[in-house]
Amino acid sequence: MHKVVWDMDPGIDDALALILALKSPEIQVLGITTVAGNAPVKMTSANARRVLEYLNAESIPVAMGASHPLNHSLEDALSYHGPDGLGNCDLPPPKLLLYPAKAWDFLVRLVWDAPGEVTLVATGPLTNVAYAFELHPELPGLLARLVLMGGAYGLTGYGKGNQTPYAEFNIWQDPEAAHIVFNSGADIFAVGLDVTMDPAACLNRQHLERVKTRHTPAAHLVAQLVEYEVKYHGCCRMHDPLALAVLLDASLFDYILARVEVVKGNDWDRGVTRILLSNSSRLIHVASAVDGPRFLKLFLSRILEE
Ligand code: BDR
Ligand code: CA
């Protein structure tokens, strides 16, 4: 069982990852913190609660975090994820109240309550995580590990940018935060575009039709989210569910152990994640290949079960 604190910016694929987690007995979500990324933070905070309420998981607290990156203004991705950030799905606005603390304070408290036991999952820009690490430099060492979706490492033909030709969205959005986190000493597993853009790990229309045959709340919501992506983007990229999958079955991936430099600032190379081969400190695990069909089988089996 993995005790998880999750920082997210839902976002269609964040929501798919959350549904996968709620359907997975290996994962216990202790709390969620929300960050500005795919949508403004009030919307990502509402979306996390919309999904939790719909799946009867209201007992998971949601604390709202940063409304913009450390040194930049927010450039959301609503044009990709739809005007509500969740592909215009039919979930009502949330009734659940936000947890009355700032995201980073809440995150710190949950880790302190179970030192060494909590895995931090981060599937949005790393702003909240950076605030928490800056406020409490001992925090990275108290985590079981940190699994994040972010980066494009040039390890496969898919490891190019999606926000710019060179940079991935989450890291590009807040490169200063990513720089802090990547140099924090946490035991990091980074899942980047090198694996999440592998077409063998994407849901297509045939998968969607299978999901539509199942009439459970989880399958109904997954079908709506995937339908939007397939309609507007041709297939459904599984960026954030793939990051969560590291906890469900680490053997789905190959990894390299490397030091990663994050390019800060606002130049053409903002948010670039560069592998530095010659360094032997601050090494992190970077996913370099995924068994896409086996991942999709796992995802669908969890979503399609009663
Ligand atoms: C990442 O950016 C966001 O749009 C997705 O939710 C994912 O976390 C992919 O680059
Ligand atoms: Ca995300």
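Here the structure is a predicted model, which means the values were calculated and not measured. Indexing begins at 1, ligand by ligand and atom by atom, following the structure's order.
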Nearest protein heavy atom to [atom], by residue and atom, and its distance?
atom: atom 8 (O) of ligand 1; result: D240 OD1, 2.7 Å
atom: atom 4 (O) of ligand 1; result: N38 OD1, 2.6 Å
atom: atom 6 (O) of ligand 1; result: D13 OD1, 2.5 Å
atom: atom 1 (C) of ligand 1; result: E168 OE2, 3.3 Å

Separation between CE (M64) and OG1 (T33), nearest 0.5 Å, reads 12.0 Å

State the CD1-OG distance between I19 and S24, to the nearest 0.5 angstrom.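 Spacing of CD1 (I19) from OG (S24) equals 11.5 Å.
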
Next item on the list: Taking atom CZ of R210 as the centre, report whether more than 12 heavy atoms of other residues, nucleotides or ligands fall under 6.0 Å from it.
Entry: no

Y166 atom OH: more than 12 heavy-atom contacts under 6.0 Å
no

Let me know which of V211, L221, L203, N204 forms a side-chain contact (heavy atoms from CB on, under 4.5 Å) with V226.
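Checked V211, L221, L203, N204 against V226; only one passes side-chain contact (heavy atoms from CB on, under 4.5 Å): L203.
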
- Item | Test applied, side chain to side chain donor-acceptor pair (under 3.5 Å); reference residue, N38; option that passes from D76, T123, D14 |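 Only one of D76, T123, D14 forms a side chain to side chain donor-acceptor pair (under 3.5 Å) with N38, namely D14.
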
Below 4.0 Å, non-hydrogen atoms only: which portion of [X] touches ligand 1? Side chain, backbone, both or neither.
X: I12; value: neither
X: T196; value: neither
X: H81; value: side chain

Any protein N, O or S atom under 3.0 Å from the Ca ion (ligand 2)? Found D9 OD1, D14 OD1, D14 OD2, T123 O, D240 OD2

Does any part of the side chain of V195, heavy atoms only, come nearer than 4.5 Å to the side chain of H239, both counted from C-beta? no

Residue-ligand contact R237/ligand 1, heavy atom below 4.0 Å
no

Margin query: Under 4.0 Å between a side-chain nitrogen and a carboxylate oxygen: does that hold for K264 and E176?
Written below: no

Only distances under 3.5 Å count here; give the side-chain donor-acceptor pairs of residues 92-104 to other protein atoms, sequence neighbours excluded, each with its distance to 0.1 Å.
unit_1: Y99; atom_1: OH; unit_2: R109; atom_2: NH1; d: 2.8

Looking at every heavy atom in both A15 and L86, which two are closest together, and how far apart are they?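 Closest pair (atom of A15, atom of L86, distance): CB-CD2, 3.7 Å.
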
### Message
If you measure every N or O of N162 against every N or O of ligand 1, does any of those distances drop under 3.5 Å?
### Response
yes

### Query
Counting from 1, what ligand 1 atoms have a heavy atom of F169 closer than 4.0 Å?
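Here the atoms of ligand 1 in question are 2 (O), 3 (C), 4 (O), 10 (O).
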
Any side-chain donor paired with an acceptor under 3.5 Å for H72 and R270?
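Judged by distance alone, the side chains do pair up.
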
